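The structure under discussion appears below in the form of structure tokens.
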Amino acid sequence: MTFTSTRDANIHFNFSEAVLAGLSAEGGLFVPESIPVLDKNIIADLTQKNNIHALGEHLLKPFIPDISSKDLLDDLVDSLNFPIPLVHLHEQIYLLEVFHGPTLAFKDVGARFMARIVSRILRQHHQTLDILVATSGDTGSAVAAGFFNVPNVRVHVLYPQGRITHLQEQQMATYGGNIFPLEVQGSFDDCQYLVKTILQDKKFAQESGLHFSTANSINIARLLPQLIYHAWGILQLQYHYHLSNPILCVPSGNFGNLVAAIYAHAAGLPVQHFIAATNKNAIVPNYLATGQYQTHASLQTYSSAMDVGHPSNFERLQYFYHDSLPAMREAITALPISDEQTLEVIRRVYRTDHYLADPHTAVGIAAAEKYLSLKKTTAPIIVTATAHPAKFPEVVRLALGDEVALPLPPALEAVINRPKTSQLMPATLEAFKSHFLSITV
């Protein structure tokens, strides 16, 4: 298995090379040159076994041939050590709860697996690595937790000042050790720009003597594990509810989660259609509607982890669909959801279905319901439930007031009073470079 770049088809990297590079030299994202397809008999057998680790091993082994099946399975058992249940919400809508990991967000899946894989690669290559992460909320905490105290790795987490919740900040900015949180005076897009720029700055890497990569979903090692839970949701729908060929509705910000769902379908899992659920940062919905791809400064919303004005993984979507707008339109319906609709869904679903959704999951539910109002279909819809509602108490309170008590789960209780270790930083390349120089002296 080799990986090429979304911008240069002449590039051919193996998995380890793609992981350590993070981005291709010309700024492209690494993509698999082909996606291995699971035999239908294997899928049927995995459905009956009902084992997420065996499913993950079958899905990922072709992408990572240089790691033994035993080591891969060990890493999957170690990293996916929490439940990922599929629950019925109402009518045709089901929720895949991917938020029961250590930081209570779906990004624990990719970050925990990536930490273990990177550790193996670094041991093999006798190398150290500085990992750069731009976060609009949940990525930073998942990566910080996954890589904390991993030998030979330092993690630099860039998050936008005042644009994430207090709890999210506490989760990523209180570790110390090999985790360096940077509170950037700007937006998520500023953070992402700084990360991408450093990754491509070979001169600075040479001058500083550092090796850079990233743990954002632009890194293929963060994205590939996410195939597992989308496939798992499809198998759970068959195993528990005897339903098949669902529509997958994915709350989308940087669009890595949607790419992973599309890859899972390409690997042989039956999917009827995809819904990309966004907030008012509607770059992809606008593109599908008009054919014009226009980015903008990210707009602040209640679903803050999806506040992305320049979604990196759109390149992977374009590559997968061969730059064909009609092909993308046929496969994906993209629906923007307002803050008002988000609050309304949190309120109604809690009162009617006795389910408390976080604002990102609420965006997904709203998009699924909107799709059902536009299309006549009896297909089940699986909405990716991306985060625990306790991470967003301010938004839940806006929706429900004192109607619901929201006790802190133990994972959040453990960090709420820990002192911050973050460094305030202007959103400039000079300041970011100075940070590295100050800690390498």
Side-chain angles (χ1 to χ4, degrees), residues 1 15 31-65 67-89 91-98 100-101 106 109-110 112-113 117 220 223-250 257-275 320 330-332 364 368 371 377-385:
M1 168 63 67
F15 178 77
V31 290
E33 293 199 290
S34 63
I35 297 179
V37 180
L38 291 180
D39 184 271
K40 289 183 179 180
N41 292 328
I42 291 177
I43 294 174
D45 183 55
L46 289 169
T47 302
Q48 292 306 311
K49 285 181 177 176
N50 196 36
N51 184 310
I52 193 170
H53 305 119
L55 172 63
E57 193 269 330
H58 274 87
L59 280 171
L60 296 190
K61 186 66 177 76
F63 295 103
I64 318 175
I67 294 178
S68 72
S69 293
K70 180 185 180 303
D71 287 343
L72 177 59
L73 193 58
D74 286 346
D75 287 343
L76 287 166
V77 170
D78 191 30
S79 55
L80 300 183
N81 61 350
F82 50 88
I84 303 179
L86 182 72
V87 300
H88 184 215
L89 182 67
E91 297 174 331
Q92 296 160 242
I93 298 177
Y94 297 77
L95 302 179
L96 182 65
E97 293 185 342
V98 201
H100 295 288
F106 78 97
V109 172
R112 286 171 62 78
F113 179 78
I117 287 294
I220 197 69
L223 186 140
L224 287 178
Q226 295 179 189
L227 275 72
I228 299 169
Y229 58 74
H230 289 298
W232 178 246
I234 294 165
L235 296 194
Q236 290 295 287
L237 188 72
Q238 174 67 40
Y239 186 84
H240 290 292
Y241 300 100
H242 310 293
L243 297 169
S244 60
N245 203 25
I247 296 166
L248 299 189
C249 180
V250 184
N257 207 2
L258 180 65
V259 171
I262 290 167
Y263 282 6
H265 174 47
L269 280 299
V271 180
Q272 189 173 134
H273 192 66
F274 299 96
I275 303 170
F320 184 85
E330 184 178 350
I332 304 167
Y371 181 85
T377 178
T378 59
I381 300 180
I382 297 177
V383 177
T384 312

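What you are looking at is a predicted structure, and each value in this text was computed from that prediction instead of being measured.
In this structure, L73 CG and N51 CG are separated by 7.5 Å, a value rounded to the nearest 0.5 Å. Going from atom CG of D75 over to atom CG of L80 covers 10.0 Å, rounded to the nearest 0.5 Å. With rounding to the nearest 0.5 Å, the separation of CG in L248 from CD1 in I332 is 11.5 Å. Atom CG of residue N245 and atom NE2 of residue H273 lie 12.0 Å apart, to the nearest 0.5 angstrom. The CG atom of D39 sits 10.5 Å away from atom CG of D45, with the distance rounded to the nearest 0.5 Å. Distance check, rounded to the nearest 0.5 Å: CG of D71 to CD1 of I64 gives 11.0 Å.
Side-chain contact between Q272 and T377: present, with at least one pair of heavy atoms (C-beta onward) separated by less than 4.5 Å. Between L89 and V383 there is no side-chain heavy-atom pair separated by less than 4.5 Å. M1 has its side chain within reach of P36: a pair of non-hydrogen atoms, C-beta onward, lies under 4.5 Å apart. Residues I84 and I228 have side chains not in contact (no heavy-atom distance under 4.5 Å, counting atoms from C-beta outward). Looking at heavy atoms from C-beta onward, Y94 lies out of side-chain contact with P246 at the 4.5 angstrom threshold. Inter-residue side-chain proximity for V250 and F274 is flagged as unmet; no heavy-atom pair is nearer than 4.5 Å. A heavy-atom distance below 4.5 Å is not found between the side chains of H265 and I234. Counting heavy atoms from C-beta on, the side chains of K49 and L55 never come closer than 4.5 Å.
The neighbour count for E33 CD, taken as heavy atoms of other residues, nucleotides or ligands under 6.0 Å away, is above 12.
Closest of all the heavy-atom pairs between I381 and C249 is CG2-CB, 3.9 Å. Minimum interatomic distance between A368 and I93 (heavy atoms only, all atoms of both residues): CB-CD1, 3.9 Å. The two atoms that bring H230 and T384 nearest to each other are CE1-OG1, 3.6 Å, heavy atoms only. In terms of heavy-atom proximity, V87 sits nearest to E97 at CG2-OE2, 4.0 Å. For the residue pair F15 and F63, the shortest heavy atom distance occurs at CB-O, 3.6 Å. Across every non-hydrogen atom of V77 and N81, the tightest pair is O-CB, 3.8 Å.
When each of L46, L86, N50 is checked for a side chain to side chain contact (heavy atoms under 4.5 Å, CB included) with Y239, only N50 meets the rule.
Classification of the Y229-F106 ring pair by plane angle, with boundaries at 30° and 60°, yields perpendicular.
Judged purely by atom type and a 3.5 angstrom limit, H58 has no side-chain atom pairing as donor or acceptor with the backbone of I43.
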(message) One pair to check against side chain to side chain contact (heavy atoms under 4.5 Å, CB included): F82 and V109. What are the steps and the verdict?
(response) CA-CA 9 Å; F82 50 88; V109 172; 3.9 Å; yes

